[in-house]
Protein chains: 2
Amino acid sequence: MKLSQGVEWGMHCATLLAQVPDGGLMRREALAVHYGLPEAYLSKHLQAMTRAGVLQATSGPKGGYRLARPADEITVLDVVRAIEGTAEPFICQEIRQRGKGASSPDECRLPCQVNSVMRSAYQAWEASLRSVTIGELVTRMPKSVLKRNQRLLSA
Amino acid sequence: MKLSQGVEWGMHCATLLAQVPDGGLMRREALAVHYGLPEAYLSKHLQAMTRAGVLQATSGPKGGYRLARPADEITVLDVVRAIEGTAEPFICQEIRQRGKGASSPDECRLPCQVNSVMRSAYQAWEASLRSVTIGELVTRMPKSVLKRNQRLLSA
DNA sequence: GTCCGTTTACTCGGATAGTCGCTGTCCGAGTTGTTAGGG
DNA sequence: CCCTAACAACTCGGACAGCGACTATCCGAGTAAACGGAC
């Protein structure tokens with residue numbers, strides 16, 4: 001139960017891209033420099049976010065990344081799932097049906113309660129992440145930071 | 001973001017130990033056979049649960065494991081944390097303070113919003129797991145299974 | 001001056017090693033029941 | 001017959017390899033701008 005550090009990178013990059021004026025782009029290197037991250041490895045996560053449909057990439061000169069949708073329509077969960085994948089953290093292996101004390105298939109009509117509890121917790125986690133958008137995160141940032149970013153991004 | 005399979009093993013073993021009459025014990029081998037699990041590896045997880053204070057181990061002949069507390073006072077979260085550890089899944093590395101666009105320490109008086117969102121989601125996950133006890137899981141099991149276990153455990 | 005083709009430089013994407021933690025296994029330390037001997 | 005002490009067997013605990021996933025990096029494929037020449 002550990003999240004990849006790429007989640008933090010992806011989240012901050014998404015919030016930064018949300019501050020880029022209108023349809024502007026931002027190069028991979030600019031993102032890396034802004035947060036002091038290794039550019040080569042950051043590309044791996046940006047790539048994943050692009051595949052997941054969170055970012056949109058443009059090749060060639062004047063190319064770069066942009067948000068694929070308005071920042072208010074991208075949830076934190078979207079970013080996390082883009083980087084961490086969509087697989088559930090708990091995978092029930094139905095050990096109740098194995099071994100000496102195995103339950104019959106008839107007794108397993110109802111889903112394994114252990115699995116149900118774990119799934120409920122996961123859904124609560126997802127719901128919490130889904131309730132916040134990238135756009136909201138931007139508005140919560142200190143105004144001095146937003147101003148500085150506006151200045152840096154226009155240059 | 002992936003849970004160890006040991007969580008499933010630990011959960012089922014805990015529910016089974018909750019069905020042992022009064023202060024009875026259960027050997028490691030008996031637990032492994034009941035669910036068809038490799039005894040050697042299962043010991044690793046039982047060990048962790050013992051260290052965490054969820055189980056209580058007795059050495060020597062007639063030894064074995066028992067629940068350290070009444071089943072109604074052991075939450076699912078207790079078992080999960082015993083096996084997975086108590087470290088938070090998201091560890092904020094404060095990249096907002098690094099790089100060209102670094103925020104000043106004064107601007108970081110408030111906690112990183114990304115970190116706050118991730119922590120809230122984790123707390124929601126924990127709350128969900130804390131709301132269910134091992135005792136409750138036992139009552140939700142099919143009665144035919146409980147009967148069979150009673151018979152197997154008395155022998 | 002305008003249009004077109006070539007060149008060129010720049011961007012992202014995928015293929016490639018390195019390292020940490022979970023997976024899987026074994027044997028040793030500690031404890032308790034047992035048993036043999038003496039009183 | 002009872003008590004004691006050594007023995008033996010059984011249980012859990014920690015130390016030891018194996019493997020997959022995240023970490024970290026590089027170079028190549030593709031693209032669009034820029035430039036030079038022809039009309």
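This one's a predicted model, so the numbers in the text were calculated from it and none came from an experiment. Letters A, B, ... mirror the listed sequences (proteins, then strands); counts begin at 1.
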Which pairs would a plain distance check flag for residues 40-56 of chain B, meaning a side-chain donor or acceptor within less than 3.5 Å of a matching protein atom at least two apart in sequence or in another chain?
| from | atom 1 | to | atom 2 | distance (Å) |
| --- | --- | --- | --- | --- |
| Ser43(B) | OG | Ala40(B) | O | 2.6 |
| Thr50(B) | OG1 | Leu46(B) | O | 2.8 |

Transitive ILVMFWY cluster of Val138(A) at side-chain heavy atoms under 4.5 Å: who else is in it?
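Members alongside Val138(A): Met141(A), Val145(A), Leu146(A).
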
Does Leu25(B) sit in a hydrophobic cluster with other residues, and if so which ones, taking ILVMFWY side chains as linked at heavy-atom separations under 4.5 Å, directly or through other members?
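Taking Ile, Leu, Val, Met, Phe, Trp and Tyr as members, Leu25(B) stands alone, with no cluster partners.
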
Any salt bridge (Lys or Arg N to Asp or Glu O under 4.0 Å) involving residues 56-65 of chain A? Give me the pairs, sequence neighbours left out, ordered by first then second residue.
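Every pair satisfying salt bridge (Lys or Arg N to Asp or Glu O under 4.0 Å) with a residue in residues 56-65 of chain A: there are none.
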
Given atom [atom1] of [X] and atom [atom2] of [N], what is their separation to the nearest angstrom?
X        : N       : atom1 : atom2 : answer
Leu42(A) : dT23(D) : CG    : P     : 13 Å
Met1(B)  : dA21(D) : CE    : P     : 17 Å
Lys2(B)  : dA21(D) : NZ    : C1'   : 10 Å

Ignoring hydrogens and geometry, is there a side-chain-to-backbone donor-acceptor pair from Ser131(B) to Ser128(B) under 3.5 Å?
yes

For [X], which residues count as a side chain to side chain donor-acceptor pair (under 3.5 Å) partner, sequence neighbours excluded?
X         : answer
Tyr35(B)  : none
Glu126(A) : Arg81(A), Tyr122(A)
Gln97(B)  : Glu94(B)
Glu39(B)  : none

Using chain B heavy atoms and a threshold of under 4.0 Å, write down where along DNA chain C the contacts begin and end, 5' to 3'.
dT23(C) to dT32(C)

Ring pair (Phe, Tyr, Trp, His ring centres under 6.0 Å): which pairs involve residues 82-112 of chain A, sequence neighbours left out?
none

Note: contacts of residues 45-54 of chain B with DNA chain C (heavy atom, under 4.0 Å) are none

Base, sugar-phosphate or nothing for Ala57(B)? Non-hydrogen atoms, less than 4.0 Å.
sugar-phosphate

Between N or O atoms, less than 3.5 Å apart, protein on one side and nucleotides 7-11 of chain D on the other: list the pairs.
| from | atom 1 | to | atom 2 | distance (Å) |
| --- | --- | --- | --- | --- |
| dT11(D) | OP1 | Arg27(B) | NE | 3.4 |
| dT11(D) | OP1 | Arg27(B) | NH1 | 3.3 |
| dT11(D) | O4' | Gly60(B) | O | 3.1 |

